[in-house]
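Here the structure is laid out as structure tokens; the discussion comes afterwards.
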Amino acid sequence: MNTFQLIGVTGCLLMAFISFRKLIRSRGGLWSQFFWLLIWVSGGVAIFNPDITRQVAQLLGITRGADLVSYATTLTLLAYLFRSQIRQQQLEQQLTEIVRHVALVEGRIDSTNQTEINSGHSS
Amino acid sequence: MILPVQMSAHPKNTATPSSAAQADMEEVLLSQVWVVMAAYNESVHVFDAVESLRPQFNNIVIVDDGSSDDTYEQARRSGANTLRHVINRGQGAALQTGINYAISKGASYVITFDSDGQHSPQDARAMLEHIHTSEKLDVVLGSRFLEHSSAVPFLRKLLLRAAIIFTKLTTGLNLTDTHNGLRVLTREAASRICITMDRMAHASQILDEVSRLNLNYAEFPVQIIYTDYSKGKGQTNSAAFRILKEYLLGRITK
């Protein structure tokens, strides 16, 4: 094992351990943590035994292991970006609900105050 | 079954309303109809917009969508019910806020009306009379293309035609104008329609809701008054792609 493999495998094992702990404690979303656990384990295995990427690639009809890693990384990033867009949209909707609630509450208070002022003027 | 009816402004064989029906209509107009306007940086026009509506409508609510000018103060000065979004959320969000307010005030009909002077209060009145007398309609949608009375810029017309085709494919609705802000909704329809697309895609979402909820709808010819001011304030043609993206993303996250 060379220096890069030592550092890489250690880092992936550490991240996999953190993801596993979150997974068993049900923190941060089960599917999300399971996904990251898979990523770190796969990364660690690929760094420990680079030839495995060639074998998996050939199973999938891709010539080189490096190409497989490239495709997988690109697809994963695109999926993550899409998921982030959806999550942002959901947060925007929640923010609108809060802003609307404040507007309606202030509107009711304003309406009540106006009614009281009018009652005061007429009495 | 939805039977869209594309009415002309001068329907044939229309009997003159009796005085009792007319009085009934006036009572409805004065007490049960709410006009909802979303306004963003409209301090120049908002007061006049309210004043133009006053002869026809008593209940007007303006939602200031986080304006950076004194739109809110001008709206209050006009005497309209005024709500304020503390930050800008978009026209769709502001309309939904106004609709919620109108419903809470007991509105029997809700009219959405632009605050930039593009819509005619007379058109709103005519649409209201149409939905009030029909007894079957839930939604009346303004259309600038029914009688070719509006001078629509060519490129804008092209994009609107594309939107019509898109709407037909996604909702099945047969419409001549899919992005007209002048609408009349019954209380039931307004309560059931849920606008979650905050910005300009809300217009498409409202049509989605009409289709999803199987509401009875009709189009009504209206005039859109294009001025240099309203053209400057309105959406650019390139915004169509941003609206499409918002719409598609909104459908996924709804």
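To find a chain, count down the sequence lines: A is the first, B the second, and so on, and within it residues start at 1. As the structure is a prediction and not an experimental result, all values here were calculated from the model.
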Next on the checklist: Counting heavy-atom pairs under 4.5 Å with chain A, which one of B:G90, B:G66, B:A93 comes out on top?
Outcome noted: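 Between B:G90, B:G66, B:A93, the count favours B:A93.
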Next on the checklist: Set out, in order, the CA-CA distance, both residues' side-chain angles and the distance that settles side-chain hydrogen bond (donor to acceptor under 3.5 Å, both in side chains) for B:Y40 and B:N88, then state yes or no.
Outcome noted: CA-CA 8 Å; B:Y40 177 64; B:N88 176 254; 4.8 Å; no
Checklist entry - Can B:M37 and B:L53 be said to form a side chain to side chain contact (heavy atoms under 4.5 Å, CB included), step by step? => result CA-CA 11 Å; B:M37 294 165 61; B:L53 285 165; 3.5 Å; yes
Checklist entry - Side chain, backbone, both or neither: which part of A:E97 has a non-hydrogen atom closer than 4.5 Å to chain B? => result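 Neither part; nothing is under 4.5 Å.
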Next on the checklist: Which atoms of A:V102 are under 4.5 Å from chain B, going by heavy atoms: the side chain, the backbone, both sets, or neither?
Outcome noted: side chain
Checklist entry - Got a sec, which residues hit side-chain hydrogen bond (donor to acceptor under 3.5 Å, both in side chains) with B:T112, two or more places apart in sequence or on another chain? => result B:R183
Next on the checklist: Distance check, rounded to the nearest 0.5 Å: B:H85 atom NE2 versus A:L95 atom CG?
Outcome noted: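 If we round to the nearest 0.5 Å, B:H85:NE2 and A:L95:CG are 10.0 Å apart.
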Item to check | Pairwise distance CG(A:L13) to CD1(A:I18) - rounded to 0.5 angstrom | outcome: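 Between atom CG of A:L13 and atom CD1 of A:I18 there are 11.5 Å.
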Next on the checklist: Counting only heavy atoms from other residues, nucleotides and ligands, does the tally under 6.0 Å from CZ of A:F20 exceed 12?
Outcome noted: no
Checklist entry - Should the heavy atoms of other residues, nucleotides or ligands under 6.0 Å from OH of A:Y71 be counted, would the total exceed 12? => result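 12 or below, so no.
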Checklist entry - Which residues, numbered in order, of residues 76-87 of chain A come under 4.5 angstrom of chain B by heavy-atom distance? => result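 The residues closer than 4.5 Å to chain B, in numerical order, are A:F82, A:Q85, A:I86.
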Checklist entry - Which residue, B:E209, B:R212, B:E188, forms the side-chain contact (heavy atoms from CB on, under 4.5 Å) with B:I193? => result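 When side-chain contact (heavy atoms from CB on, under 4.5 Å) is applied between B:I193 and each of B:E209, B:R212, B:E188, only B:E209 qualifies.
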Next on the checklist: I'd like to verify something: which residue of A:L104, A:V99, A:I98, A:D110 has the highest number of heavy-atom pairs under 4.5 Å with chain B?
Outcome noted: A:V99
Checklist entry - B:R76 versus chain A, heavy atoms under 4.5 Å apart: side chain, backbone, both or neither? => result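 The answer is the side chain of B:R76.
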